[in-house]
> 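Quick one: the structure is below, and I'll ask about it shortly.
Throughout, protein chains are lettered first and strands after them, A, B, ... in sequence-line order, and every chain is numbered starting at 1. All values below were derived from every heavy atom in this structure, side-chain atoms included, with hydrogens, water molecules and symmetry-related copies excluded.
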Protein chains: 2
Amino acid sequence: MTAPAEKHDVFKAIADPTRREVLRLLAESERPISEIADHFDMSRTAVTKHLNILTEAELISGRKEGREKIYQLHPEPLTEVKQWLSYYEKFWENKLSMLKHLVEDEK
Amino acid sequence: MTAPAEKHDVFKAIADPTRREVLRLLAESERPISEIADHFDMSRTAVTKHLNILTEAELISGRKEGREKIYQLHPEPLTEVKQWLSYYEKFWENKLSMLKHLVEDEK
DNA sequence: TAAACATGAAACCAATTGGTTATATTTTTG
DNA sequence: CAAAAATATAACCAATTGGTTTCATGTTTA
């Protein structure tokens, strides 16, 4: 009803350091595959597979432009991670407020 | 010099839905292995492996108490994910503020 | 103390992951 | 048009992942 049964969820997509680096590159600017691949010490084909996984998680999308395929960032799915994290923030916020008490007691 | 060369990084640790569920359970309260395992449709041994991975990421820790091993949550490493996310927040902040407006309108 | 309980550890397995090389297709460009 | 450029696709492979079953060990407890 809500999510379209995502094949690769965003948590798995960002689990790989290469894919996180791809996201960082595309945050700077959109890029064709070959330019992305140049940043890594692996084959273009391997990079393409990572791009496919990121695409399935809807974190990026590619459009064909002439003989190139240009990929761009779509950060929206990261909100799911942020929401998940927010549940745990209270645990370290408590420690912060405890710390705040300590600090205030010292005044 | 800083981090002790973590074998399993936190991004990989939270990539698995079973492990995220374990974290949620331990957020409620600390629990022995058998009680954690009762929540899943898999063997206790399989759950133990997930607990080991979470332990290596320092997201949980277990102490032996009699014949039980009690695990508890350590959410601190999640700050690494939060920091990573913060880099991308600027990209969706516009959309979030739109959402905030919607929520506030409902009050 | 014997049985039950909780865990640990080892061996094994299928599927997935992350990579490779080789070949084909489409699109410029000289 | 022929060659170069950019990508796509397929077949393959080793390592990792996520699970299993079996057996051993330490700890209560009846």
> Looking at C:dT20, I'd like to know if its phosphate oxygens (OP1 or OP2) sit under 4.0 Å from a side-chain N or O belonging to A:Ser43.
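Yes, A:Ser43 has a side-chain N/O under 4.0 Å of OP1/OP2 on C:dT20.
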
> Please round to the nearest 0.5 Å and tell me the distance separating atom CD1 of A:Ile60 and atom CD1 of A:Ile36.
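Answer rounded to 0.5 Å: 6.5 Å.
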
> Whole angstrom is fine here: how far is it from CG in A:Asn52 over to P in C:dG18?
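Computing the A:Asn52:CG to C:dG18:P distance gives 13 Å.
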
> Please report, rounded to the nearest Å, how far the P atom of D:dG18 is from the CD1 atom of B:Ile14.
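Rounded to the whole Å, the gap is 13 Å.
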
> For D:dT17, does OP1 or OP2 lie under 4.0 Å from any side-chain N or O of B:His50?
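False: B:His50 side-chain N/O out of range (4.0 Å or more) of D:dT17 OP1/OP2.
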
> Determine whether B:Leu59 and B:Ile14 make a side-chain contact, defined as any pair of heavy atoms from C-beta on separated by less than 4.5 Å.
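The answer is yes; the side chains approach within 4.5 Å.
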
> Examine distances only and state if a side-chain atom of B:Tyr88 and a backbone atom of A:Thr79 form a donor-acceptor pair shorter than 3.5 Å.
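Not a single qualifying donor-acceptor pair exists.
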
> Let me know the distance between NZ of A:Lys12 and P of D:dT16, rounded to the nearest Å.
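Checked: the NZ to P distance equals 18 Å.
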
> Starting from B:Ile70, can I reach A:Phe91 by hopping between I/L/V/M/F/W/Y residues whose side chains sit under 4.5 Å apart?
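They do not share one cluster, since no chain of ILVMFWY contacts under 4.5 Å joins A:Phe91 to B:Ile70.
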
> Mark up nucleotides 1-11 of chain C, 5' to 3', with B wherever a protein heavy atom is under 4.0 angstrom from a base atom, S wherever such an atom reaches only the sugar-phosphate, and - elsewhere.
---BBSBBBBB

> If the condition is ring-ring contact (aromatic ring centres under 6.0 Å, His included), which residues does B:Tyr71 pass it with, not counting sequence neighbours?
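Applying ring-ring contact (aromatic ring centres under 6.0 Å, His included) to B:Tyr71 gives none.
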
> Rounded to whole angstroms, how far apart are CG on A:Leu51 and P on D:dA6?
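About 16 Å, once rounded to whole Å.
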
> May I have all residue pairs that pass side chain to side chain donor-acceptor pair (under 3.5 Å) and include part of residues 40-51 of chain A, sequence neighbours excluded?
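As it turns out, the side chain to side chain donor-acceptor pair (under 3.5 Å) pairs with a partner in residues 40-51 of chain A, which skip direct neighbours, are A:Arg19-A:His50.
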
> Distance check needed: C:dG19 P versus A:Phe40 CZ, whole Å only.
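Rounding to the nearest Å, CZ of A:Phe40 and P of C:dG19 are 10 Å apart.
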
